[in-house]
Structures are given as structure tokens and as C-alpha cells.
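Notes follow once the structure below has been shown.
Whatever order the structure lists ligands and atoms in, that order sets their numbers, starting from 1.
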Amino acid sequence: MLYLLLGASKAESSGNLLHFFHGLFAEAGAETMEHYLLGLYGIDTKDPDCVDAVLNTRFTDFALGDRQRAFEPLLGDGIFTQDGAAWKKSRDMLRPQFMQTRTKSFPFIQQEVEGLIETLSQVVRKDASIDLQPMFFQLTLDTTLAVLCGRSSINSMTTEHASGFTEAFEYAQSRLMLRSRLGPFYWLANNRRFRESCEIVRSFAEQVVQEALQKHAEYSTNDTSDRYIFLHDLIKTNQDPVVLRDQLINILLAGRDTTACLLSWVFKFLARHQDIQEELRNASLDLESHRAGNLPTVGEIKSMKLLENVLHESLRLYPSVPINIREAVKDTELPRGGGLNNQSPIFIRKGQAVGYSLYSMHRLERFWGADNETFRPSRWEEASIKDCRKAYAPFNAGPRLCPGQEFALLEAGYTVVRILQTFDYMKELENEPKEFKHSITLVVAPQNGCKVRLGTGKSF
Ligand code: HEM
């Protein structure tokens, strides 16, 4: 047990925690293994059939465990933390809005990404070293907020409730991570700054909801705007301010960092793989819209095969939520991992935790081959990729499949294309280590940010 705790702590500070967990599977020589930690036995798996059982075929045998209690001060009661009937009710309630977001969120994506391009163009006159990661976190916060409640940039908001929102949201989230790691001892992480940060975020969300409720009558009768706003639509079916506030914060949390991390990893890979970057830039410059002096369309972004492959391959190597956990709500079993040869079903006791690593599943040699650690978007063109699909689940699987998937891929894809169209080159900094380092909160981000050299004209 000590080996596990010390090893994990050392690996975390050197930006290698996921590699460390990955190595534990190799040491055990198994895809599913038992661990003993803080007096509790748990199961860890990277076996696609076991992950599928937890998320899909035996979905009702598992729940989120301590997540609801640990996250409650910030998230209240919403889709991301609920289980059972309450979760089903939220999922059904929000389904129509997520369906609409798929097709109608594009004007907000365009608006916010164009803001980012303008800022970048001011900073990078000709050539500059720049950390894109904080910009991606701001972008995804602004875009998700805009789609949810019609507000464009949190920075441009002058209300008393908006001030300090970003900082409070980020701090509260970092404490949620600590609380979830503490398991049943989550309540120990409850300092004053955490409580105040939760209060700032909730007050802001309450204010947004109040304004929307006041205008409710207006947009039910006079809904002429070409912009689809999630909250305005949701209000047509539910006017409970607490429900609306909590769902808003839940979706913001689920949608913001995940997409920002994807963007950071994509740009790190593109800066390292100049040939792929060049090919993708050429495809972006070659779009009909660009040649006509216009912005890319949804149809164009969705039809760019190389772009899709780059996004898939980045999510394979660094799935935004790399490790996750469920808890058995009754005695059950997983299809493999038990018996002397690890091939028999394995018994899971009620209350036992099952951790699953997408990071490791996405690197299984029996699916992804000997070059499983290599960034190679072309693998998504090969015939064998259809057999790999069951070992790929960056957006989760089963009934809790991420409802923001299409929106996230559109936002990330559009951002990639616009940055490549705007700048003639992007290079890795010289001191970038060979192995990327990462840091883990609820999501996995590059540990040292996404620092690159961007420029226009000839590279030097
Ligand atoms: C690259 C971007 C994204 C990735 C990789 C991602 C991944 C995931 C994963 C793995 C889960 C399951 C978490 C769990 O059950 O423990 C999830 C759930 C969820 N995601 Fe995403 N997500 C992304 C973007 C978004 C966006 C942009 C939104 C909304 C605007 C969103 C909304 C949600 C919601 C509401 C849930 C909870 C669904 C439920 O429990 O029924 N996600 N996502």
C-alpha cells in the first residue's frame, strides 16, 4: 500500500501519474486487478469488456459513489452528479436542448473563436512564443457560457456577480478533485476559500437564471432570434430556479475543461508533427469558404477527414477524462479478470469501487498494435480500426454517454482550422521534453501548458 501511495505521489509531481498507473497493469500482467488502499479493496480495469459491463451492459449495477456528496457544494443536484431516477429525469429533461445544441450552437462557436483569433493576431504580429493553454480554457468557458445562457464573454461582464467568477470556478473545481480523491473523507477539504468560491459561482448562476426567468414570457411569445440559447429553451419546460441553476453549473463543469484539454493536446501534437500540421493547414487553406474570403462552415469542418483523425488520435492518447470510477450498488460481476488465469468472471461486492482507465485501454497493444504510444492519425483510415472501436471511449459509453460530444468536436475542429488558417507556422519550443508531462484534476492537461512558437510569413 505504501508503495502505491508513495509511487503515485512521486509520479504525480513529475507529471507521470497516468504512466505510473499504466505500469501497475503491466506489473500485474493483467488487464483487471484488485488493489487494497486505505482499508478498502477495489478493482481496476482497462479491459474493454469490463469497461463496457460497468458503463453499459450492467449499468444499473453501478453508481457514481461519493461524487454527489463530494461535489454538492459547487454542483448542487444536477446531471453530472445524480444517479438512478433523479439522473434519468435530468437526462430526459436536457435531451432536447442537447439535440438543438448540436446543430444550432455554431454562431456562438464562431463568435468566440473569432475573438480568440483577434487576440492572438494582436499578440503575434510576426513571430512569438505563446502559451495557448490558458487561452483555450478561457475560450471554452466563454463558448459554453454563451451557448448555455447567451452571455458572450465573462470578462466583458460588469455585474457584481460576474467579478471573480473564473477564478472562483477554477479554485472550487480544484478542491472538488481533492474531495473526490479523499473518498469517504471528502468533507476534510472544506476550507473558507472553497466555500466562498462555490458561493460566487452559485450567485452568478442564480443571477443569470433570474434574468432569464424574468424574460421568459418575452421569448416564449417572440422567439425571433437566430441564436439558440440552451437556458431559454429549458425554461419553457422547467421554471424552478434551483434546478436551472444547478443544471447550468453541472453542464459548465462537464463541458469546459474537457474541450480545453483536447485543444491543448491537439496543438502539442501538431507542433511536434510538422508534416501532419502542414497537411492539415493546406486542407484548411484549401476550403472553398476560405478561398472565397469567408469563414468555414459546419459542413466543411465535419467533412475534413484529417481533422477528424487528428481529434480522434489526440483523444485516444489523452482522453480528457483519463481515469474514472464507479461503485457497485449490488453484488455483481465483470466478465473477465477472475480465476487463476484472470479469464473467468470476477465477483464485485456491493459497495466495491471499480476504477477504469481509458488512458490504458486506449493503449492496449492487442487492439492498437506495437505503435500504440505513437501519435499516428492515419491509423483511423485503416480497415482494422473497426475492431479497435470497442477499446475507444473518450466520451464514455452506454446511457451516460457524453451529450456534448458533437458540440465539443465542432468547437475544437473550428478552432484548429482557424488557427492554422491564420498562422503560417507553429513550432515546438526547444526545451519541450521528449515525453509529454501531464497533470490530472478531473481532466488531464499538459503539465507545462501548450507553449509554442506561432508566426506569419517565413519561419525562422
Ligand atoms: C472533448 C470534450 C469532451 C469530452 C472528452 C467529454 C467526455 C465526457 C465523459 C467521459 C463523460 C462521462 C463522465 C462520467 O460519467 O463519469 C461526460 C459526461 C458529460 N458531458 Fe462531456 N465531454 C466533453 C465535452 C462536453 C461538452 C462540451 C459538454 C456540454 C456542453 C459536455 C456535457 C456533458 C454532460 C452534461 C455529461 C454528463 C452526462 C450524464 O451523466 O448523463 N461534455 N463527458
Should the proximity of [X] to ligand 1, defined as any heavy atom under 4.0 Å, be assigned to the side chain, the backbone, both, or neither?
| X | value |
| --- | --- |
| Ile79 | both |
| Arg326 | side chain |
| Arg67 | side chain |

Would you call the rings of Tyr359 and Tyr318 parallel, tilted or perpendicular, taking 30° and 60° as the class edges? tilted

Assign the ring pair Trp368 / His362 to parallel, tilted or perpendicular, where the plane angle (0 to 90°) is split at 30° and 60°. perpendicular

The single option from Asp49, Asp47, Asp52 that satisfies salt bridge (Lys or Arg N to Asp or Glu O under 4.0 Å) with Lys390 is Asp49

Kindly check if the number of other-residue, nucleotide or ligand heavy atoms within 6.0 Å of NZ (Lys437) is above 12? yes

Check this for me: does any side-chain nitrogen of one of [X] and [Y] sit under 4.0 Å from a carboxylate oxygen of the other?
| X | Y | answer |
| --- | --- | --- |
| Glu114 | Arg418 | yes |
| Glu72 | Arg69 | no |
| Arg379 | Glu382 | no |
| Glu278 | Arg281 | yes |
| Lys451 | Glu432 | no |
| Glu170 | Arg256 | yes |

Please tell me whether Phe269 and Phe436 form a close aromatic pair, meaning their ring centres lie under 6.0 Å apart. yes

Compute the ring centroids of Phe169 and Phe204, then answer whether they are less than 6.0 Å apart. no

Check for me whether Arg102 meets the cation-pi criterion with Phe98, that is, NZ or CZ under 6.0 Å from the six-membered ring centre and within 45 degrees of the ring axis. no

At a 4.0 Å threshold, what atoms of ligand 1 neighbour a non-hydrogen atom of [X]?
| X | result |
| --- | --- |
| Phe98 | 29 (C), 35 (C) |
| Phe407 | 27 (C), 30 (C) |
| Asn324 | 13 (C), 14 (C), 16 (O) |
| Trp87 | 39 (C), 40 (O), 41 (O) |
| Ile251 | 29 (C), 30 (C) |

Protein residue, atom and distance nearest to atom 37 (C) of ligand 1, heavy-atom basis: Phe80 CD1, 3.8 Å

Return the residue, atom name and 0.1 Å-rounded distance of the protein heavy atom closest to atom 40 (O) of ligand 1. Arg400 NE, 2.7 Å

Check: [X] N/O within less than 3.5 Å of ligand 1 N/O:
| X | answer |
| --- | --- |
| Thr144 | no |
| Arg91 | yes |
| Thr259 | no |

Among Pro394, Ser105, Ala260, which one puts a heavy atom closest to atom 10 (C) of ligand 1? Pro394

Under 2.8 Å from atom 21 (Fe) of ligand 1, which protein atoms of type N, O or S occur, listed by chain and number? Cys402 SG

